[in-house]
Amino acid sequence: MRFSKMFLPTLKEAPSDAEVISHKLMVRAGMIRKLAAGIYDLLPLGLMAQRKVENIIREELNRAGAQEVFLPSIQPAELWQESGRWNLYGRELLRVKDRHDRDFCYGPTHEEVITDLVRREVRSYRQLPLNLYQIQTKFRDEIRPRFGVMRCREFTMKDGYSYDLDEKGVEETYRKMYDAYCNIFRRCGLKFRAVEAETGQIGGSFSHEFMVLADSGEDSVATCESCDYSANVEKAEVRQDARCKMQDAREELKPMEVVSTPDKKSVDEVSEFLKVEKERIVKTLIFETENGIVAALVRGDHDVNEAKLKKLLKCDVINLAGEKVVEDVTSAPSGFAGPVGLNLKIVADNSVMGIKNFVTGANLKDAHRVNVNINTDFKIDLSGDIRMVKDGDLCSRCNGTLRVYKGIEVGHVFKLGTKYSESLKATYLDENGKEKLIVMGCYGIGVGRTVAASIEQNHDDNGIIWPMPIAPFQAIVLSLNMKNTDVVHTSENIYQTLTDSGIEVLVDDRDERPGIKFKDADLIGIPIQIIIGEKNLKEGKAEIKIRKSNKRIIVPVSDMEKQVRGLIKELTPA
RNA sequence: CGGGGCGUGGCUCAGCCUGGUAGAGCGUUCGGUUCGGGACCGAAAGGUCGGAGGUUCAAAUCCUCUCGCCCCGACCA
């Protein structure tokens, strides 16, 4: 490809609406342009990188026994009504009507469509297992799209669905997909972690998320320093240990008192005002569930994990109560809730059980209670692990320390079970002629997000540094002086030779000054720069610069192909 | 959906408070000098100041409405 002919509009300055690095660089490098909030045009350079990722995905999935299909992006409402998600999915589901006033939606995911296909075609156990995937545009009407291509409304996703005879079958498929995902992300040059995750809206019994570690990530991952335990903080288990107690067992129980705390609502304020460590304050959070209102107690330095609370309470819906409900229930403005005298079901985190003489809200405006003790002053109905892990907690699997990192979720695998085969009646006849539910798994990869995540992990002040496997071009030839015929001819020759031998090369044949070419080459991040300038050329030589290491070598022009070939190999992970 | 901010040439932004000829840098076009890290000189094109309404002799500027975009929040009392 020739730079002079390519639609590659690079920018010196980043657009003012770009926040994260990948977004800025993708716009500056001429990969994307915004059409509307959360909706982007993909330009040639951007598409090339994305196609590279797509092809790696295809190779690994096909190798693992999956088959590619292509399903409609517009889906009839009936299917979603049948699965029950037409109502459940909420406003993220973009609904449209056709000219006959029939309801459709733009697919945010394809469980319904593909399960409908499978249920119509699969009758016998002989036709299973089946593992189908597609690479498709999805639309999710996000509350707040942000970070460029990282969290947008329209995006490209690889989604795959597996159909097995039984639990054993799906577990094997799941493992295969898990391994394939590891290969895919490794080949994309990403530093990632496969972490245990909550199943969320898609539902199902267990799942792993593939997280790319990056500060700009919107998810938090807890990772053990000593063993290989990794989990989304939503899911990560807390280990109870001696350190949690932090109190002398011999400390005597003191009589409870009410103290005035004018306008001190938050744990920070109360801790400061009463000169008490946050560990000795107990927060009382009021939640509404389908089975009534409950009060959840966690230590002042901890946060409630709603997913865990939900599980402990065995309920489906859980929402933090609003101001009004809090006032009704505690007869005090929010900020002063406490367990003493509350006529609610009270759930406590394990760590609360070990504290004595702690501080809580008094259920009175501008007042807290001190020296509160469980059993003496109030009773707990239920206790368990209901808090979010935090950095420095102990690992639940070993004695290591957990670290919490930010991560970008690029892939997710679920063991779905029979959730959809049940609602959509996807069944088969087993060898005894008995009808059984097909057992499903589902597997997603955010393709565009993977590209963005790679940039988050691979860049410097000058621009993108593509890992070789997903670089839009493997090499770029910088013809430094278009007025010098030797330079031009040599650049052309090298470009032709490399291209003919199957290497993906961009030649910067624009009539621009060298500085501009260097800057653009760095910006668009091509791994190998081949720099053709007069001085070196007089000795029949040219320079090669490795974008990643900034290493420069001078090689004879005649040796170029061999050198480049060697470097490509060197820069491609096995 | 709540709070905040911003819409002025292709891009980044100034001008708005205090109404009176629409600006800069980058980019683009033409001519010349330059040519290994975003050059320089000269000339030029390009904007109904997001849109609608209002106030005024006069509106980018003040008021009202509207659309778009961005940020923060929408679980922690």
Side-chain angles (χ1 to χ4, degrees), chain A residues 9-20 23-24 27-28 30 33-39 90-91 143-148 233-234 261 263-270 278 281-288 295-310 318-327 329-330 332-339 349 360-363 365-366 368 386-388 390 461-463 478-484 487 508 510-523 529 531-537 542-543 545 550 552 554:
Chain A
T10 57
L11 257 31
K12 199 185 279 189
E13 284 168 294
S16 53
D17 60 8
E19 195 71 4
V20 294
H23 185 194
K24 288 181 187 165
V27 174
R28 287 191 53 209
R33 288 293 184 264
K34 184 167 69 187
L35 212 214
I39 302 179
R91 285 192 298 181
I143 305 174
R144 181 140 97 88
R146 61 183 127 181
F147 302 149
V233 290
E234 296 279 306
T261 50
D263 230 26
K264 307 298 176 201
K265 297 183 173 189
S266 70
V267 167
D268 283 340
E269 288 164 350
V270 173
K278 284 188 219 168
I281 297 175
V282 169
K283 286 199 275 203
T284 306
L285 276 54
I286 311 296
F287 286 93
E288 295 179 273
L297 308 186
V298 291
R299 238 166 58 182
D301 58 327
H302 290 155
D303 294 317
V304 168
N305 181 324
E306 286 189 19
K308 289 180 181 176
L309 185 57
K310 215 184 214 172
I318 192 157
N319 279 308
L320 195 71
E323 188 87 14
K324 232 188 100 218
V325 174
V326 173
E327 282 185 39
V329 167
T330 67
S334 72
F336 302 99
D349 182 63
T360 71
N363 297 327
K365 184 170 162 41
D366 294 338
H368 279 76
I386 61 166
R387 74 170 174 96
M388 209 75 98
K390 52 179 218 173
D461 291 346
N462 294 317
L478 302 185
S479 182
L480 288 192
N481 185 348
M482 294 305 286
K483 302 258 173 9
N484 179 307
V487 170
D508 193 344
R510 295 174 299 170
D511 188 11
E512 291 288 358
R513 302 170 58 79
I516 289 179
K517 299 193 177 192
F518 287 129
K519 287 290 183 191
D520 272 345
D522 284 352
L523 176 62
Q529 296 179 8
I531 301 164
I532 314 296
E534 279 173 78
K535 286 169 206 142
N536 284 320
L537 202 53
E543 180 180 330
K545 179 181 129 178
N550 212 25
R552 292 156 189 277
I554 312 281

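Numbered from 1 within each chain, the chains take letters A, B, ... in sequence-line order. From a predicted model like this one, the values you see are computed outputs, not experimental measurements.
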Roughly how many Å is it from CD in A:Glu512 to C1' in B:C40, rounded to a whole number?
15 Å
Atom CD1 of A:Ile386 and atom P of B:C75 are separated, to the nearest Å, by 17 Å
Rounded to whole angstrom, note down the P distance from B:U21 over to B:G4.
33 Å
Starting from C1' on B:G37, measure out to CD on A:Glu534 and report it in whole angstrom.
16 Å
Regarding A:Lys545, tell me which of base, sugar-phosphate or nothing describes its non-hydrogen contacts under 4.0 Å with the strands shown.
base
Any strand, both distances under 3.5 Å, Watson-Crick or G-U wobble: B:C49 pairs with none
Pairing nucleotide - B:A59, Watson-Crick or G-U, each distance under 3.5 Å:
none
It should be established whether A:Arg28 places a side-chain nitrogen or oxygen under 4.0 Å from OP1 or OP2 of nucleotide B:C11.
no
Expressed as a whole number of angstroms, how long is the span from A:Asp511:CG to B:G36:P?
13 Å
OP1 or OP2 of B:C70 under 4.0 Å from side-chain N/O of A:Lys34
yes
Salt bridge (charged side-chain N to carboxylate O under 4.0 Å, His left out) against A:Asp303, all qualifying residues, sequence neighbours excluded
A:Lys283
A:Gly463 backbone acceptor or donor facing A:Asp522 side chain under 3.5 Å
no
To the nearest Å, how far apart are A:Glu13 CD and B:A24 C1'?
12 Å
How many whole angstroms separate atom CD1 of A:Ile531 from atom P of B:C35?
19 Å
Which nucleotide, if any, forms a Watson-Crick or G-U wobble pair with B:A74, using both distances under 3.5 Å?
none
Checking base pairs now: Watson-Crick or wobble, both atom distances under 3.5 Å. What partners B:C26?
B:G10
For A:Arg91, report the nucleic acid contact type (base, sugar-phosphate, nothing); a contact means any heavy atom under 4.0 Å.
nothing
When the C1' atoms of B:U61 and B:C16 are compared, how many Å lie between them, rounded to an integer?
4 Å
Could you check whether A:Phe287 gets within reach of a base, just the sugar-phosphate, or nothing at all, counting any heavy atom under 4.0 Å?
nothing
Using both distances under 3.5 Å as the test, list the Watson-Crick or G-U wobble partner of B:G31, or none.
B:C41
Reckon A:Leu478 touches a base, only the sugar-phosphate, or nothing at all at heavy-atom distances under 4.0 Å?
nothing
Considering only the C1' atoms, how many Å lie between B:A52 and B:C13, rounded to the nearest integer?
27 Å
Donor-acceptor check, side chain of A:Asp17 to backbone of A:Glu19, threshold 3.5 angstrom: yes or no?
no
Judged by each residue's nearest nucleotide on RNA chain B, which is more toward the 5′ side, A:Arg513 or A:Ala337?
A:Arg513
Between A:Glu306 and A:Asp17, whichever has its closest RNA chain B nucleotide further toward 5' is A:Asp17
P-based separation of B:C76 from B:U18 [nearest Å]:
39 Å
Once you apply a heavy-atom cut-off of 4.0 Å, does A:Ala296 come out as touching a base, just sugar-phosphate, or nothing?
nothing
Looking only at B:U34, B:C71, B:C69, the nucleotide nearest the A:Ala36 side chain is B:C69
With no hydrogens and no angle check, is any side-chain donor or acceptor of A:Asn462 less than 3.5 Å from a backbone partner on A:Leu523?
no
In the structure shown, which nucleotide is the Watson-Crick or G-U wobble counterpart of B:C16, with both distances under 3.5 Å?
none
Say whether, by atom type as modelled, one donor and one acceptor occur between the side chain of A:Lys308 and the main chain of A:Arg387 under 3.5 angstrom.
yes
Under 6.0 Å from the NZ atom of A:Lys278, do we count more than 12 heavy atoms belonging to anything else shown?
no
Heavy atoms, side chains only, cut-off 4.5 Å: are A:Lys390 and A:His302 in contact?
yes
Rounded to whole Å, CG of A:Asn484 lies from C1' of B:G36 at a distance of 13 Å
Within the 4.0 Å heavy-atom criterion, would you say A:Thr330 contacts the bases, only the backbone, or no part of the nucleic acid?
nothing
Is the phosphate of B:C72, meaning OP1 or OP2, less than 4.0 Å from a side-chain N or O of A:Arg144?
yes
Look at all strands and tell whether A:Pro9 reaches a base, only sugar-phosphate, or nothing, counting heavy atoms closer than 4.0 Å.
nothing
Would you measure the distance from the C1' atom in B:C67 across to the matching atom in B:G23 and give it in whole Å?
27 Å
Using only modelled atom types and a 3.5 angstrom limit, is any donor from either the side chain of A:Asn481 or the base of B:G36 paired with an acceptor on the other?
no
When you compare B:U8 with B:C49, how far apart are their P atoms, in angstrom units rounded to a whole number?
11 Å
Donor-acceptor pair present, A:Lys283 side chain and B:C76 base, under 3.5 Å
yes
Taking the P atom in each of B:U28 and B:A22, what is the distance between them to the nearest angstrom?
28 Å
Look at the side-chain N and O atoms of A:Ser16 and state whether any lies under 4.0 Å from the OP1 or OP2 oxygen of B:U12.
yes
Quick one: does any side-chain atom of A:Lys517 pair with a main-chain N or O of A:Ser479 as donor and acceptor, under 3.5 Å?
yes
Nearest-angstrom distance from the residue atom CG of A:Asp508 to P of B:G38
15 Å
What's the gap between B:U64 and B:A74 when it is taken at their C1' atoms, as a whole Å value?
29 Å
